[in-house]
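Shown below is the structure under consideration.
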Amino acid sequence: MPTMPAVVSAAGAAAPCSNVVEDLVGFLRVLSDGTILRSPGPVFCPSTFPGEHPSVEWKEAVYDKPKNLHVRMYKPSPASGGVGAGGGGKLPVLVYFHGGGFCLGSCTWANVHSFCLRLAADAGAVVLSAGYRLAPEHRLPAAVDDAAGFLHWLRERAVDGDGDGDGWWLAEAADFGRVFVTGDSAGGTIAHHLAVRAGSAAAAAAAPDDPVAIRGYVLLMPFFGGVSRTPSEAGCPAEVFLNLDLFDRFWRLSLPPGATRDHPMANPFGPDSPAMDGVELPPVLVVAGGLDMLRDRAVDYAERLSAMGKPVELAEFAGEHHGFFTLGPGSDAAGELIAAVARFVDVAAPPPK
């Protein structure tokens with residue numbers, strides 16, 4: 001059984017004797033002796049990434065104590081026109097998984113937090129931003145397994161509204177009959193794998209009375225890979241921050257040791273990936289950015305699903321880079337993306353009359 005690599009904080013760490021063999025823009029470094037150095041994370045400008053929203057309430061909970069996995073929960077406040085205001089009904093639920101190449105990121109990072117605040121406010125939804133274990137300490141499929149564990153936690157709260165207090169906070173506003181699984185970048189890849197797991201015949205037969213009805217999936221610029229380069233990958237300038245070399249490093253550190261980018265965790269249409277033809281899917285929204293290096297893979301994913309007769313919608317933001325909505329959650333473009341998500345939700349699962 002492989003041993004767990006040593007993990008220490010990079011802040012204030014003594015100069016290592018080993019060489020750095022992998023470096024993710026200073027936030028994560030892997031040494032030749034297997035030691036992993038992590039920084040505390042980036043510092044975000046509070047004016048660009050506010051920590052509060054006047055019309056949103058939020059709280060944080062632990063959904064998996066042994067793994068110390070957290071979820072931040074957001075809901076529009078009654079005073080803002082949310083549940084309880086003017087007799088309004090319960091709200092759709094957007095389960096959200098952050099990006100970061102499976103190696104970086106957190107539901108507590110200020111950019112993720114700010115985006116989720118606006119998503120809850122503008123989409124009029126309960127947003128559940130769930131963390132997951134990161135690679136290389138925990139390589140794939142650990143992140144997908146954690147995400148599946150979060151959905152199990154949500155089902156328990158849907159059945160027992162009182163629970164540990166979190167269930168009541170959710171049940172007050174959440175319509176568990178209108179749940180959507182969303183994610184950006186690596187989180188979008190997680191959403192794909194959850195859809196495949198849930199859409200298999202065995203899974204569908206095993207859960208006829210699921211208290212949580214997943215009505216759709218939203219893949220925001222999903223982080224897919226493959227051995228063969230797409231035109232948008234091959235044409236990506238090396239000097240941009242999110243470049244091909246960085247994304248290759250993410251895959252080297254997150255996939256099982258020795259795996260290529262055609263591994264099923266990376267390439268949904270790789271040689272060993274499960275066939276999508278027989279997977280039962282609710283409506284799927286795929287978002288692509290015209291200036292995103294991963295643009296071609298997102299478009300190809302949507303086109304292939306459409307060719308199979310799956311209910312898929314592609315929304316392309318022509319002038320936008322990868323992750324533009326978390327890099328600028330207050331931007332007009334982020335607002336347009338949230339509006340597209342809200343329209344998708346309303347069409348896929350209209351509110352009860």
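Numbers for residues simply follow the sequence, beginning at 1.
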Would you say that V112 contacts Y96 through its side chain, given a criterion of any heavy-atom pair below 4.5 Å between the two side chains?
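Yes - at least one pair of side-chain heavy atoms lies under 4.5 Å apart.
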Side-chain contact test, heavy atoms from C-beta onward, threshold under 4.5 Å: evaluate it for F224 versus L219 and give yes or no.
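Side-chain contact under 4.5 Å: yes.
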For I338 and F115: C-alpha separation, side-chain torsions, deciding distance, then whether side-chain contact (heavy atoms from CB on, under 4.5 Å) applies.
CA-CA 10 Å; I338 292 173; F115 173 69; 4.0 Å; yes
Rounded distance (nearest 0.5 Å) linking atom CD of E336 with atom CG of D122
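Taking CD in E336 and CG in D122, the distance rounds to 12.0 Å.
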What about the rings of H193 and Y217, do their centers lie closer together than 6.0 Å?
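No - the distance between ring centres of H193 and Y217 does not fall below the 6.0 Å cut-off.
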For a quick test of reading the model, state the closest non-hydrogen atom pair linking A302 to V312 and the distance between them.
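Nearest pair, atom of A302 first, then V312: O-CG1, 3.5 Å.
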Got a donor-acceptor contact below 3.5 angstrom from the N267 side chain to the R261 backbone?
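Answer holds: no.
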Are V347 and I214 co-members of a hydrophobic cluster defined by side-chain heavy atoms under 4.5 Å apart?
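Different clusters: I214 never reaches V347 through Ile, Leu, Val, Met, Phe, Trp or Tyr contacts under 4.5 Å.
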Side-chain contact, heavy-atom cut-off 4.5 Å: S185 with H322?
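Heavy-atom side-chain distance check passes, below 4.5 Å.
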Heavy-atom pair with the smallest gap, counting every atom of C103 and L24
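C103 and L24 have their closest heavy atoms at CB-CD1, 3.7 Å.
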Tell me whether Y63 contacts the main-chain N or O of G131 through its side chain, where contact means a donor paired with an acceptor under 3.5 Å.
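Such a contact is found between Y63 side chain and G131 backbone.
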From CA spacing to verdict: side-chain contact (heavy atoms from CB on, under 4.5 Å), E60, T108:
CA-CA 9 Å; E60 186 172 326; T108 65; 4.0 Å; yes
Assert yes or no for the condition that the ring centre distance of F324 to F317 is strictly below 6.0 Å.
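Close enough - the centres of the two rings lie under 6.0 Å apart.
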Quick one: does any side-chain atom of K310 pair with a main-chain N or O of D277 as donor and acceptor, under 3.5 Å?
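Yes, K310 side chain to D277 backbone: donor-acceptor pair under 3.5 Å.
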Do we see a donor-acceptor contact under 3.5 Å between the side chains of T35 and D33?
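The criterion, which ignores hydrogens and geometry beyond distance, is satisfied for D33 and T35.
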Within a radius of less than 6.0 Å around CG of D245, do more than 12 heavy atoms belonging to other residues, nucleotides or ligands occur?
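Atom CG in D245 is packed in, count exceeds 12.
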When you measure from the side chain of R139 to the backbone of L255, do you find a donor-acceptor pair of N or O atoms at a distance under 3.5 Å?
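Indeed, once roles are kept as given, a pair shorter than 3.5 Å links the two residues.
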Distance-only, no hydrogens or angles: does the N243 side chain make a donor-acceptor pair with backbone N or O of L246 under 3.5 Å?
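Yes; at least one donor-acceptor contact below 3.5 Å.
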If we ignore hydrogens and angles and just use 3.5 Å, is the side chain of S32 paired with the main-chain N or O of N19 as donor and acceptor?
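Yes, the answer is positive, given that a donor and an acceptor are paired below the 3.5 Å cut-off.
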Just checking W251 against F223, ring centres under 6.0 Å apart?
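Yes.
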Give a yes or no on whether the backbone of K90 and the side-chain of R178 come within a donor-acceptor separation of less than 3.5 Å.
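Such a contact is found between R178 side chain and K90 backbone.
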With a distance cut-off below 6.0 Å to the six-membered ring centre and an angular limit of 45° from the axis, does K75 pair with W58 as a cation-pi contact?
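The answer is no, since K75 fails at least one limit relative to W58.
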Apply side-chain contact (heavy atoms from CB on, under 4.5 Å) to M73 and L170, showing your working.
CA-CA 8 Å; M73 306 181 290; L170 284 175; 3.9 Å; yes
Mind checking the CZ-OG spacing from R297 to S232? Nearest 0.5 Å is all I need.
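One finds 8.0 Å between CZ of R297 and OG of S232.
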Does any part of the side chain of L28, heavy atoms only, come nearer than 4.5 Å to the side chain of P136, both counted from C-beta?
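A side-chain contact under 4.5 Å exists here.
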Between Y132 and H98, is the gap from one ring center to the other below 6.0 Å?
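Yes, the ring centres sit under 6.0 Å apart.
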Pairwise side-chain contact, R197 with D145, heavy-atom cut-off 4.5 Å (strictly under)
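Yes. Closest side-chain heavy atoms under 4.5 Å.
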Specify the closest pair of heavy atoms between V240 and C236, including all atoms of both residues, with the distance to one decimal.
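In this case the closest contact between V240 and C236 is CG2-SG, 3.7 Å.
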Parallel, tilted or perpendicular: which one describes the rings of W153 and F150, with boundaries at 30° and 60°?
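Geometry flag for F150 against W153: parallel rings.
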E233: which of D248, D296, L294 passes side-chain contact (heavy atoms from CB on, under 4.5 Å):
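With E233 as partner, D248, D296, L294 yield a single side-chain contact (heavy atoms from CB on, under 4.5 Å), made by L294.
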D262 side chain to V227 backbone, donor-acceptor under 3.5 Å:
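Yes: the side chain of D262 pairs with the backbone of V227.
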Given side chains that start at C-beta, do those of E303 and L314 come closer than 4.5 Å, heavy atoms only?
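In short, these two side chains do not touch, never coming nearer than 4.5 Å.
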Minimal non-hydrogen separation, E57 against P78, with atom names:
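Looks like OE2-CD, 3.6 Å.
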For the residue pair E22 and L31, establish whether any side-chain heavy-atom pair is separated by less than 4.5 Å.
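The answer is no; the side chains never approach within 4.5 Å.
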For the residue pair F44 and H113, is the inter-centroid distance of their aromatic rings smaller than 6.0 Å?
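No; H113 has its ring centre 6.0 Å or more from that of F44.
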With hydrophobic residues grouped by side-chain heavy-atom distances under 4.5 Å, do L134 and V21 end up in a single group?
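Linked, L134 and V21 end up in one cluster.
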Less than 6.0 angstrom from the centroid, inside 45 degrees of the normal: does R304 satisfy that with respect to the ring of F269?
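Yes; both conditions hold, so R304 lies above the ring face of F269.
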Heavy-atom distance under 4.5 Å between the side chains of Y301 and P222, does that happen here?
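A side-chain contact is absent here, since even the closest heavy-atom pair is not under 4.5 Å.
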Please check if L220 and L327 belong to a single hydrophobic cluster, counting links between Ile, Leu, Val, Met, Phe, Trp and Tyr side chain heavy atoms closer than 4.5 Å.
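The answer is no; the residues belong to distinct hydrophobic clusters.
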How long is the gap from CG on L244 to CZ on R249, to the nearest 0.5 Å?
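Rounded to the nearest 0.5 Å, the CG-CZ separation comes out at 10.5 Å.
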Grouping I, L, V, M, F, W and Y whenever their side-chain heavy atoms are under 4.5 Å apart, do L337 and L242 come out in a common cluster?
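As far as the 4.5 Å side-chain criterion goes, L242 and L337 are connected within one cluster.
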To the closest 0.5 Å, what do you measure between NE2 (H321) and CG (L291)?
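One finds 4.5 Å between NE2 of H321 and CG of L291.
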Could you see if F241 belongs to whatever hydrophobic cluster contains V43? Use Ile, Leu, Val, Met, Phe, Trp, Tyr and a side-chain cutoff under 4.5 Å.
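Shared cluster, no.
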Rounded distance (nearest 0.5 Å) linking atom CD1 of I190 with atom OG1 of T182
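One gets 10.5 Å once the value is rounded to the nearest 0.5 Å.
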Return the minimal non-hydrogen interatomic distance between A120 and P76, and the atom names on each side.
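It is O-CG, 3.4 Å.
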What are the two closest heavy atoms between R133 and K67, and how far apart are they?
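The answer is NH2-NZ, 3.5 Å.
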Is there a side-chain contact (heavy atoms from CB on, under 4.5 Å) between L94 and L128? Walk through the geometry before answering.
CA-CA 6 Å; L94 303 180; L128 306 178; over 6 Å; no
Could you tell me the separation between the OG1 atom of T230 and the CE atom of M293, rounded to the nearest 0.5 Å?
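Between T230 OG1 and M293 CE, I get 7.5 Å after rounding to 0.5 Å.
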Ignoring hydrogens and geometry, is there a side-chain-to-backbone donor-acceptor pair from S114 to N111 under 3.5 Å?
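Here the side-chain-to-backbone pair does not exist.
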P282 backbone acceptor or donor facing R215 side chain under 3.5 Å
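Checked: no pair found.
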